[in-house]
Number of protein chains: 2
Amino acid sequence: MKLAANLQEQVASHLRRRILSGQILPGTPLREQNLAVEFGISRGPIRDALLHLTKEGLLLAKPNVGVRVAAEPSAFKRHVIVHLRREIEASAVTAWFATRDPALLKRLDDNLSQYKDACGGSDLGQVVELDMAFHRLVVETADQGSLVDLWQPIMLRMFLRYSRHRDLMESYNEHAGIVRAMHAGREWEALEALKLHIV
Amino acid sequence: MKLAANLQEQVASHLRRRILSGQILPGTPLREQNLAVEFGISRGPIRDALLHLTKEGLLLAKPNVGVRVAAEPSAFKRHVIVHLRREIEASAVTAWFATRDPALLKRLDDNLSQYKDACGGSDLGQVVELDMAFHRLVVETADQGSLVDLWQPIMLRMFLRYSRHRDLMESYNEHAGIVRAMHAGREWEALEALKLHIV
DNA sequence: GTTGTTGAAATTGTTGACAATAGACAATTG
DNA sequence: CAATTGTCTATTGTCAACAATTTCAACAAC
């Protein structure tokens, strides 16, 4: 986990994690002044961070009123989002199979072992982080990572919510299945596993 | 055209238009101080606007250095973007055909007549504005506009560049063709025309 | 010649004070 | 009593000053 040099990134990462892990529920208002004292900094960087998160779809902003944590997407919107994510990540995987750069496989293996532990543990924030990191690794590989900024806000808007043990290990197994297919060079299988994993 | 209450939105709209219409070329650095004096306001709202545009993909930000107008997407990225736009807008059109709300048709007809004039004229900013407005109208219709925030950054990242007369009237005709199919209730034809229009 | 160092200029990052606005609630009016 | 108007407070919007960082050129050391 890279630590940002500037405050706005630190604040944004922190809030992003708390929202995604369900510690701050949809509808909750976030006040600049409150956050400023909570983080012990001024309102400036807080404003920047909130703007970031708003553009990422995690917050909903109303001029002169402030921001609140956005609601989860409607079924219709989620359906579209799923298609978009599949399109992006499948494109990335397809691009990878053209080169089969082993560097990615190594990074995915590393991520997998960490993810396994996290899924067994109780830190949901960690689970979220590693799950996103897995998919980001895949997306980063293609076309010098040009797809990342396209992918991130779409991914975030899914508001992936994790429920205990049951799902988590299943999620790990799906990740593992994708990586296994990539190791074996079976493109169709990898793409199919990816498609089934994104729901 | 709605005028924003706060400065940051005004600045963002203004810069967005200038970038999309090619008045500010890719790679051009944008300095906060310069813009502040140019607009006659302080750096605060400028910062906010630049952050907006960065998240929209029009600018590229480097910490402690500043922002520059982003480069046009690579062929690979553009290819993905085209797929995503088609997915979103096609979903919206499909949703419209379930209701066939005539309000949209009226708005599209209005937009078309304005667009026709603009394509004949010389104000590229106006052309960009109306072209985006057309597609936004379509996207806004579905699911209470929930897709708009998903769609906008993807649309903007295409860096649609317009070349003189030839293309413009062709673009108008394609818009008109889509609307014609919708008026006639021919869903397949509308979707096909839309798909061919987004390239 | 190449490489490292240093310092000044330009630029962004951060801060605290002040202005403007929205929303709630009380006062007023018909 | 309903509707409107006024006022107050919490909150965001804006500003100008200051701090930190990057960049680049001049210059020294090897």
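Note on naming: letters A, B, ... go to the chains in the order of the sequence lines (proteins, then strands), and numbering restarts at 1 for each one. The model shown is predicted, which means the values in this text are computed figures rather than measured ones.
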Item to check | Reference residue Leu194(B); test side-chain contact (heavy atoms from CB on, under 4.5 Å); the match among Glu89(B), His175(B), Glu189(B) | outcome: Glu89(B)
Next on the checklist: Can you measure Gln8(A) atom CD to dT15(C) atom C1' for me and round it to whole angstrom units?
Outcome noted: 15 Å
Next on the checklist: Considering every strand and a 4.0 Å limit on heavy-atom distances, what is the contact class for Leu30(A): base, sugar-phosphate, or nothing?
Outcome noted: sugar-phosphate
Checklist entry - Would His83(B) and His83(A) count as a close aromatic pair, with their ring centres under 6.0 Å? => result no
Checklist entry - When the distance from CG of Leu7(A) to C1' of dT12(C) is rounded to whole Å, what number comes out? => result 13 Å
Next on the checklist: ring pair (Phe, Tyr, Trp, His ring centres under 6.0 Å) for His197(A) and His135(A)? Distances and angles first, verdict last.
Outcome noted: CA-CA 11 Å; His197(A) 173 60; His135(A) 292 273; 5.1 Å; yes
Checklist entry - Base, sugar-phosphate, or nothing for Gly44(A), non-hydrogen atoms under 4.0 angstrom? => result base
Checklist entry - Can you tell which of dT15(C), dT14(C), dT12(D) lies closest to the side chain of Ile41(A)? => result dT15(C)
Next on the checklist: Would Asp109(B) and His183(B) count as a side-chain contact (heavy atoms from CB on, under 4.5 Å) here? Give the steps.
Outcome noted: CA-CA 10 Å; Asp109(B) 285 337; His183(B) 268 291; 3.0 Å; yes
Next on the checklist: With a 4.0 Å limit, can you tell me whether Lys62(A) has a side-chain N or O closer than that to the phosphate oxygens OP1/OP2 of dG13(D)?
Outcome noted: no
Next on the checklist: Just to be sure I understand the rule, does Ile46(A) reach a base, reach only the sugar-phosphate, or reach nothing, if contact means heavy atoms closer than 4.0 Å?
Outcome noted: nothing
Checklist entry - Would one find a side-chain N or O of Arg43(A) under 4.0 angstrom from OP1 or OP2 of dT15(C)? => result no
Checklist entry - Which one, dT14(C), dT14(D), dT11(C), comes nearest to the side chain of Arg31(B)? => result dT11(C)
Checklist entry - Any chance CD of Glu72(A) has more than 12 other-residue heavy atoms, nucleotides or ligands included, within less than 6.0 Å? => result yes
Checklist entry - Nearest to the side chain of Asn64(A) - dT12(D), dC15(D), dT12(C)? => result dT12(D)
Item to check | Proximity to the side chain of Val65(A) - top-ranked nucleotide from dG13(D), dG23(C), dT12(D) | outcome: dG23(C)
Item to check | Whole angstrom value for the distance that separates P of dT21(D) from CG of Asn6(A) | outcome: 11 Å
Item to check | Nearest-nucleotide comparison on DNA chain C, the residue closer to the 5′ end among Pro63(A) and Pro45(A) | outcome: Pro45(A)
Checklist entry - CG of Leu51(A) versus C1' of dT12(D): gap in Å, rounded? => result 12 Å
